[in-house]
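Remarks on the structure that follows.
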Amino acid sequence: MSLRVHNTLTRKEEEFIPLVPGEVRMYVCGVTVYDLCHIGHARSAIVFDVIRRYLAFRGYRVTFVKNFTDVDDKIITRAQAEGVSAREVSERYVAEFYRDMEAIGVLRGDVEPKATDHIGQMIRLIEQLVAAGVAYVVDGDVYFEIARFPAYGRLSGKNLDELLAGARVEVDERKRDPRDFALWKAAKPGEPSWSSPWGDGRPGWHIECSAMAMEYLGPTFDVHGGGEDLIFPHHECEIAQSEAATGKTFAHYWVHNGFVNLGAEKMSKSLGNTLLIRELVKRHDPDALRLWLLGTHYRHPVEFSEERLTEAGRALERFHRLFREAARDTRPPGPVPEALRSFRARFEAAMDDDFNTPQALGALFDFARALYGHLERAEAPDHQQALVAGVEELKRLGGALGLFARSLNAPGAPAEVDRLVSERGEARKRRDWRRSDELRDAIHKLGWSVEDTPGGPRLTPRR
RNA sequence: GGCGGCGUAGCCAAGUGGCUAAGGCGGAGGUCUGCAAAACCUCUAUGCAGCGGUUCGAAUCCGCUCGCCGCCUCCA
């Protein structure tokens, strides 16, 4: 079975064939570090985290590059408002970004370049474009001339004439064409700047990704990703400037994730604050967040809802209970029994079909149900064997989606709780149900739930 | 105005020409149980916005209608 990926460039699903067999080089547009990350950033980060993990799960050697845009109008605006340097703002939010990503289990990139560390590469790239006659200099600004790159508009499906008519195009008399975009902006007072052949200034937004992607992945690489809002103009411009400079295809597969919508509700300041990643993980298990997000295909829009997240948390409990039960058995897992092999096949078939995580999760839930069946009869050695091996397999598959990393070592109960549990066990032996229920309440107050099973009391942290 | 997407059970969401329309949440009944909980078993869309059409056969293709949404140089 081959992996198929939807390519924004062709608007079709295509068989995934990396440039170098067994290796995948991918670049994902990261964040502009001027504020805290919200649920939308989380979706994009998780989607590409899952794609990256699944490619690795499938045996590819993946090189994953994710950049930071740390020079930008919004950063400068914020810095001026706070009376601090742009660098201080960007460094602060890089640190906050790492904190949030760690909280939701998103792996770090193999390389996480910052724009300001690559000004030299950008200048060289712009020089190439000027030399090639596709960019021109005006008063210390450098613009890319759209008319020189016939494929401009292909990625986003834009008709160039209609773009011209767009009311939102800012008319700048110095540009040869309103649609031309800035590669380099002449310095303004009080803004960060670097010296260049065209005078002091700073890079335009798009050039950084071209320069950094090429620096770490070469002129041509496999996958370029980002939010669907980046298709135009950002990725369109990246293609133009990169391919005009190198004469080579920039990226083969363009992958874009859909948005998190808030319905009719306007993203007000207060609502926006509650949708910050750090606020969401206070209320929900990070795996619940991931489970909820992966319940919708990555290219479809998803409506934010606190209730959906809570539901995902309940669904997650099914896996957690299974893992806790299986963890009581310390015998090493054997091979996965034949009867349980189909789940991995279903999982992979779903993921191979353009990363169909909702369908892949369906396979995981069915897998869990099958394993619960073995749990019921775990006294029998063959059922026990199937359970232990199956749970290991289920965790591996979940791991390909970035799930279950933390639930594997759930914290043990404190000694006080253990003492109450055994005391309750004594009471139950005496058939002293009143005392037994008192002790359950006491345990409950300490933050734990106790349930009686044929195998003894089962303790779980209270939610 | 241009380009694109969506409308599947009470809610969320896969499925895009042909086996019983995945899965989750919620709900109903049952088994088990001191109680409770969990688990397990069974049930919960003769129908996929509506109307036409193509086809031996359509949720899936085509047309029209209705409703919702995204992008069109801030944006994950």
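Only this structure's heavy atoms are used, side chains among them; waters, hydrogens and symmetry mates stay out. In what follows, chains carry the letters A, B, and so on, assigned in the order in which the sequence lines appear, proteins first and then strands, with residues in each chain numbered from 1.
Atom P of nucleotide B:rA22 and atom CG of A:Leu364 are separated by 18 Å, given to the nearest angstrom.
Among B:rG34, B:rC25, B:rC72, the nucleotide with an atom closest to any side-chain atom of A:Arg440 is B:rG34.
Within the structure, every side-chain polar atom (N or O) of A:Arg11 is placed at least 4.0 Å from both OP1 and OP2 of B:rG5. OP1 or OP2 of B:rG24 has at least one side-chain nitrogen or oxygen of A:Arg369 nearer than 4.0 Å. For A:Asn356 and B:rG15, the shortest distance from a side-chain N or O to OP1 or OP2 is below 4.0 Å.
Going from atom CG of A:Leu275 over to atom CG of A:Leu262 covers 5.5 Å, rounded to the nearest 0.5 Å.
With 3.5 Å as the limit, one finds no donor-acceptor pair spanning the side chains of A:Arg318 and A:Tyr372. Under the 3.5 Å distance criterion, with hydrogens and angles disregarded, no donor-acceptor pair is assigned to the side chains of A:Gln385 and A:His374. A:Arg78 and A:Tyr93 share a side-chain donor-acceptor pair at under 3.5 Å.
With salt bridges taken as basic N to acidic carboxylate O contacts below 4.0 Å, none links A:Glu426 and A:Arg435.
Considering only residues two or more places apart in sequence or on other chains, A:Tyr54 meets the side-chain contact (heavy atoms from CB on, under 4.5 Å) condition with A:Leu3, A:Phe57, A:Arg58, A:Phe347, A:Glu348, A:Met351, A:Asp352, A:Phe355, A:Ala400.
Nearest-nucleotide mapping onto RNA chain B: of A:His206 and A:Val31, the residue sitting toward the 5' end is A:His206.
Taken together, the paired segments of RNA chain B that extend over three or more consecutive Watson-Crick or G-U pairs, each closer than 3.5 Å at both contacts, are B:1-7 with B:66-72, B:10-12 with B:23-25, B:26-31 with B:39-44, B:49-53 with B:61-65.
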